[in-house]
Peer 1: 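Handing you this structure, nothing more for now.
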Amino acid sequence: RVLGDLTLLPPHVQLAVAQVMQETRHNTGPVLNVCFSYTGRYDMKQAISTVKNGIASGSLQPSDVDQSLVEKCLLSGPDCPMVDLMVRTSGETRLSDFMLWQCSNAALVFLEVLWPDFSFIDMVHSIVQY
């Protein structure tokens with residue numbers, strides 16, 4: 001799944017992303033989230049806007065708003081599990097406004113390697129640390 005403000009992508013890339021997400025929507029194995037033009041604040045803002053619009057339209061009552069509803073309105077959607085393992089490359093030891101809600105209970109692994117050089121061995125190392 002690809003999360004973020006996809007309107008910033010060229011139309012042909014938006015189409016390719018939509019096709020990949022459509023073709024993999026029924027997969028039941030591990031989930032890979034690719035985030036493009038994404039911030040945790042943007043994610044939470046759009047979730048709150050969705051809830052606000054639901055209340056304004058009458059499809060939701062203020063009493064319906066709880067943690068579960070907010071999670072369902074995040075870009076990761078209602079069928080995406082919370083993050084178990086967050087791998088941060090580049091040597092930075094911060095989340096940088098990335099999937100803040102979804103990583104609330106995640107194991108965090110910080111690696112010196114840059115993303116383009118991230119290898120299978122790096123992934124294995126991250127899983128072993130987890």
Peer 1: For the atom pair OG (Ser126) and CD1 (Ile121), what is the distance rounded to the nearest 0.5 Å?
Peer 2: 11.0 Å

Peer 1: What pairs with Gln67 under side-chain hydrogen bond (donor to acceptor under 3.5 Å, both in side chains), at least two apart in sequence or on another chain?
Peer 2: Glu71

Peer 1: Quick one: hydrophobic cluster around Ile127, which other residues, with the 4.5 Å side-chain cut-off, linked directly or via members?
Peer 2: Leu85, Val87, Val109, Leu111, Val113, Trp115, Phe118, Met123, Tyr130

Peer 1: For atom CG of Asn27, decide whether the heavy atoms of other residues, nucleotides or ligands shown that lie under 6.0 angstrom number more than 12.
Peer 2: yes

Peer 1: Please answer whether the main-chain N or O of Val20 pairs with a side-chain N or O of Glu23 as donor and acceptor at a distance below 3.5 Å.
Peer 2: no

Peer 1: Among all residues two or more places apart in sequence or in another chain, which pass the side-chain hydrogen bond (donor to acceptor under 3.5 Å, both in side chains) test with Asp5?
Peer 2: Thr7

Peer 1: Working to the nearest 0.5 angstrom, can you tell me the gap between Met99 CE and Leu75 CG?
Peer 2: 8.5 Å

Peer 1: In Å, rounded to the nearest 0.5 Å, how long is the span from OG1 of Thr24 to CD of Gln19?
Peer 2: 11.5 Å

Peer 1: When you measure from the side chain of Gln14 to the backbone of Leu9, do you find a donor-acceptor pair of N or O atoms at a distance under 3.5 Å?
Peer 2: yes

Peer 1: Could you pull out the closest heavy-atom pair between Gly40 and Tyr38, with the gap in Å?
Peer 2: N-CE2, 3.6 Å

Peer 1: Just do the side chain to side chain contact (heavy atoms under 4.5 Å, CB included) check on Asp43 and Trp101 with the steps written out, would you?
Peer 2: CA-CA 9 Å; Asp43 196 358; Trp101 186 290; over 6 Å; no

Peer 1: Are Gln61 and Ile55 packed together at the side-chain level, in the sense that at least one heavy-atom pair is separated by less than 4.5 angstrom?
Peer 2: no

Peer 1: Do any pairs count as a ring-ring contact (aromatic ring centres under 6.0 Å, His included) and have a residue in residues 45-65, sequence neighbours left out, and if so which ones?
Peer 2: none

Peer 1: Are there over 12 heavy-atom neighbours, none belonging to Arg25, within less than 6.0 Å of that residue's CZ?
Peer 2: yes

Peer 1: May I ask you to check whether Ser119 and Asp122 show a side-chain donor-acceptor distance below 3.5 Å?
Peer 2: yes

Peer 1: Check for a donor-acceptor pair, side chain of Asp117 on one end and backbone N or O of Leu114 on the other, with a separation under 3.5 Å.
Peer 2: no

Peer 1: Could you tell me which non-hydrogen atom of Ser104 sits nearest to which non-hydrogen atom of Met82, and how far apart they are?
Peer 2: OG-CE, 3.8 Å

Peer 1: If you group Ile, Leu, Val, Met, Phe, Trp and Tyr by side-chain heavy-atom gaps below 4.5 Å, do Leu100 and Ile48 land in one group?
Peer 2: no

Peer 1: To the nearest 0.5 Å, what is the distance between OG1 on Thr50 and CG on Leu60?
Peer 2: 10.0 Å

Peer 1: Say you draw a straight line from OG1 of Thr28 to NE2 of His26; how long is it, rounded to the nearest 0.5 Å?
Peer 2: 11.5 Å

Peer 1: Drop me the distance from Leu108's CG to Met86's CE, to the nearest 0.5 angstrom.
Peer 2: 7.5 Å

Peer 1: Take Phe98 and Arg88 through the test side chain to side chain contact (heavy atoms under 4.5 Å, CB included) and record every step on the way to the result.
Peer 2: CA-CA 10 Å; Phe98 187 76; Arg88 172 66 196 252; over 6 Å; no

Peer 1: What do the steps show when you test Leu69 against Val51 for side chain to side chain contact (heavy atoms under 4.5 Å, CB included), and what is the final call?
Peer 2: CA-CA 8 Å; Leu69 177 64; Val51 170; 4.1 Å; yes

Peer 1: What is the minimum heavy-atom distance between Val2 and Met21, and which atoms define it?
Peer 2: N-SD, 3.2 Å

Peer 1: State which residues pass side-chain hydrogen bond (donor to acceptor under 3.5 Å, both in side chains) with Ser57; sequence neighbours excluded, sorted by chain then number.
Peer 2: Ser59

Peer 1: For Glu92, give me all partners under salt bridge (charged side-chain N to carboxylate O under 4.0 Å, His left out), at least two apart in sequence or on another chain.
Peer 2: Arg94

Peer 1: For the pair Glu112 and Ser90, evaluate side chain to side chain contact (heavy atoms under 4.5 Å, CB included) and give the outcome as yes or no after the intermediate values.
Peer 2: CA-CA 5 Å; Glu112 292 293 324; Ser90 79; over 6 Å; no

Peer 1: So, does Thr39 use its side chain to make a donor-acceptor pair with the main chain of Tyr42 at under 3.5 Å?
Peer 2: yes

